[in-house]
Amino acid sequence: MSARYELAKSLYAELGIDTDAAIEKLKNIPISLHCWQGDDVLGFEGAESLSGGIQTTGNYPGRATNPDELMADMEMVMSLCPGAKKLNVHACYAIFEKGEFVDRDKLEPKHFQKWVDFAKERGMGIDFNPTFFAHPKADGLTLSSPDENIRKFWIEHGKACVRISEYMAKETGFPCVMNIWTGDGFKDIPADRMGPRMRYKEAIEEILSEPFDKNLVKPCVESKVFGIGVESYTTGSAEFTLSFAATHDGCLPLMDNGHYHPMEYISDKIPALLCFFPEIALHITRGVRWDSDHVLIFDDETKEMAKEIVRCNALDRVYMALDYFDASINRIAAWAVGFRSWQKALLSALCTPNAMLKDLQDKGAHTELLVKQEAVKTLPFGAIWEEYCARCGVKGDLDWFEDVEAYEKSVLSKR
Ligand code: RNT
Ligand code: ZN
């Protein structure tokens with residue numbers, strides 16, 4: 001233990017915080033690591049561009065182009081990050097035998113066997129996502145399409161994904177969070193807003209009519225306010241998805257903090273939803289001016305979100321997944337900065353004297369609350385964080401980038 005940690009630990013102890021207990025607690029809380037930061041959300045089907053209103057920008061060399069490369073990159077990222085991990089895989093990352101191909105409505109658990117093996121070898125669970133974009137049948141509307149054949153295709157895809165999710169959960173021993181997000185919507189003012197939403201509602205109901213064990217598969221619905229090319233209307237708006245989850249037993253609401261108006265804060269929405277839902281899910285990202293999916297950093301709102309989860313004693317009620325993609329910088333570093341930032345935010349929340357601050361609020365001591373909240377911000381948190389990294393066997397903030405540089409030289413630059 002460093003002298004720096006010992007000193008910091010005693011300062012926190014004066015405020016009633018046990019930093020060793022915080023470190024031990026955080027070590028075991030899984031955070032879902034999204035496979036799509038490694039290849040700009042392209043997947044393995046040969047897609048050349050994204051669709052659905054989402055976008056990566058940049059062309060940094062070294063993008064993973066096949067399963068072996070992507071898994072090697074994820075392995076590298078995990079070696080740089082403290083804490084427990086879970087994999088987050090999209091259906092467009094199915095792995096076929098040589099010469100084999102099946103369309104998304106026909107996907108089977110065997111097409112994800114390599115991911116399952118990868119997770120099992122490392123004692124991790126997997127979260128899964130049907131992919132309702134970057135496909136010839138995803139031209140505008142998918143599950144909310146007026147074309148019955150299109151809708152049917154995507155419903156079959158969703159059902160296939162329920163079966164795959166259950167297989168992943170059974171194999172790994174961890175529940176699989178299966179998130180339904182579509183980019184369905186309109187660029188310009190629609191003539192019918194309710195029709196697509198009624199079709200979307202029925203389509204999700206059909207998907208979830210596929211039998212599954214609710215302890216193994218945790219279906220979610222993710223909302224969105226707008227996307228590129230769908231500026232005027234999204235079928236899966238916030239009210240739509242939240243109402244859907246609230247009225248369908250076993251379905252969770254998923255909030256992506258990039259999917260709201262810029263002055264809306266997810267940190268305030270987390271405790272609101274926890275009053276009603278036994279479990280909720282998050283996509284954690286950083287929007288710069290729009291849903292830009294910048295790499296997550298240790299900024300105020302990220303800290304505030306983590307604080308709410310901890311203060312609400314909800315670490316076991318919130319499924320936390322990262323969702324950002326930056327193709328303009330080294331992708332391994334991008335991945336690791338985001339993962340480490342969320343770990344940092346959680347550790348910082350666990351080292352916040354929440355009981356003391358709450359007490360001030362309840363006593364109506366608002367002046368002192370403001371004073372103490374400001375004081376807490378400059379406690380020597382860096383020393384606790386560095387100790388946490390050391391105990392997890394990973395390098396500290398100033399040292400890990402050298403490993404990325406070495407990997408870039410020996411692996412990425414050769415692709
Ligand atoms: C898009 C949504 C969605 C995707 C992933 C790839 O705006 O956030 O969650 O980012 O499914
Ligand atoms: Zn998301």
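Just follow the structure's listing: the first ligand is 1, and inside any ligand the first atom is 1. Only a predicted model underlies this, so the values are computations on that prediction, with no experimental measurement involved.
- Of all N, O or S atoms in Asp256, the one lying closest to the Zn ion (ligand 2) is OD2.
- Heavy atoms from other residues, nucleotides or ligands lying under 6.0 Å from NZ of Lys170 number 12 at most.
- Considering backbone and side-chain N/O of Trp36, none are found under 3.5 Å from N/O of ligand 1.
- In Glu222, the N, O or S atom that comes nearest to the Zn ion (ligand 2) is OE2.
- Geometry about the Zn ion (ligand 2) gives an angle of 90° between ND1 of His283 and OD2 of Asp323, rounded in steps of 10 degrees.
- In this structure, Phe339 and Met78 have side chains that are not in contact, with every pair of non-hydrogen atoms separated by 4.5 Å or more.
- In this structure, the protein non-hydrogen atom closest to atom 1 (C) of ligand 1 is Ile54 CG2, 3.3 Å.
- Residue His283 has at least one heavy-atom neighbour below 4.0 Å for each of these atoms of ligand 1: 9 (O).
- Counting heavy atoms under 4.0 Å from ligand 1, residue Asp291 touches it through the side chain alone.
- No salt bridge links Arg197 with Glu202; every basic N to acidic carboxylate O contact stays at or beyond 4.0 Å.
- Every atom of ligand 1 with a heavy atom of Asp256 under 4.0 Å away is listed here by number and element: 8 (O).
- On a distance-only criterion, Glu222 and ligand 1 share at least one N/O pair closer than 3.5 Å.
- Looking at ligand 1, you won't find any N or O of Asp293 less than 3.5 Å from one of its N or O atoms.
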Residues His90, Phe133; criterion ring-ring contact (aromatic ring centres under 6.0 Å, His included); working and verdict: CA-CA 11 Å; His90 243 284; Phe133 54 82; 5.2 Å; yes
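- Looking at Asn129 next to ligand 1, no N or O pair under 3.5 Å apart turns up.
- Nearest protein heavy-atom contact of atom 6 (C) of ligand 1 is His90 NE2, 3.4 Å.
- A salt bridge links Lys201 to Glu205: one of the charged nitrogens lies within less than 4.0 Å of a carboxylate oxygen.
- Asp323 OD2, 3.6 Å is the protein heavy atom nearest to atom 4 (C) of ligand 1.
- The ligand atoms of ligand 1 that sit less than 4.0 angstrom from a heavy atom of His259 are 1 (C), 2 (C), 7 (O), 8 (O).
- Scanning the protein heavy atoms around atom 7 (O) of ligand 1, the nearest turns out to be Lys224 NZ, 2.7 Å.
- At a threshold of 4.0 Å, the pair Asp20-Arg391 counts as salt-bridged, since one of the basic side-chain nitrogens sits closer than that to a carboxylate oxygen.
- Annotation for Phe96: atom CZ counts as buried by contact number, over 12 foreign heavy atoms lying within 6.0 Å.
- Taking a cutoff of 4.0 Å between a charged side-chain nitrogen and a carboxylate oxygen, Arg104 and Glu156 do not qualify as a salt bridge.
- Here is the list of ligand 1 atoms found below 4.0 Å of a heavy atom in Phe325: 10 (O).
- Between Lys344 and Asp397, at least one side-chain nitrogen of the basic residue sits less than 4.0 Å from a carboxylate oxygen of the acidic one, meeting the salt-bridge criterion.
- The aromatic rings of Phe240 and Tyr200 sit parallel, their planes meeting at an angle under 30°, below the 60° perpendicular limit.
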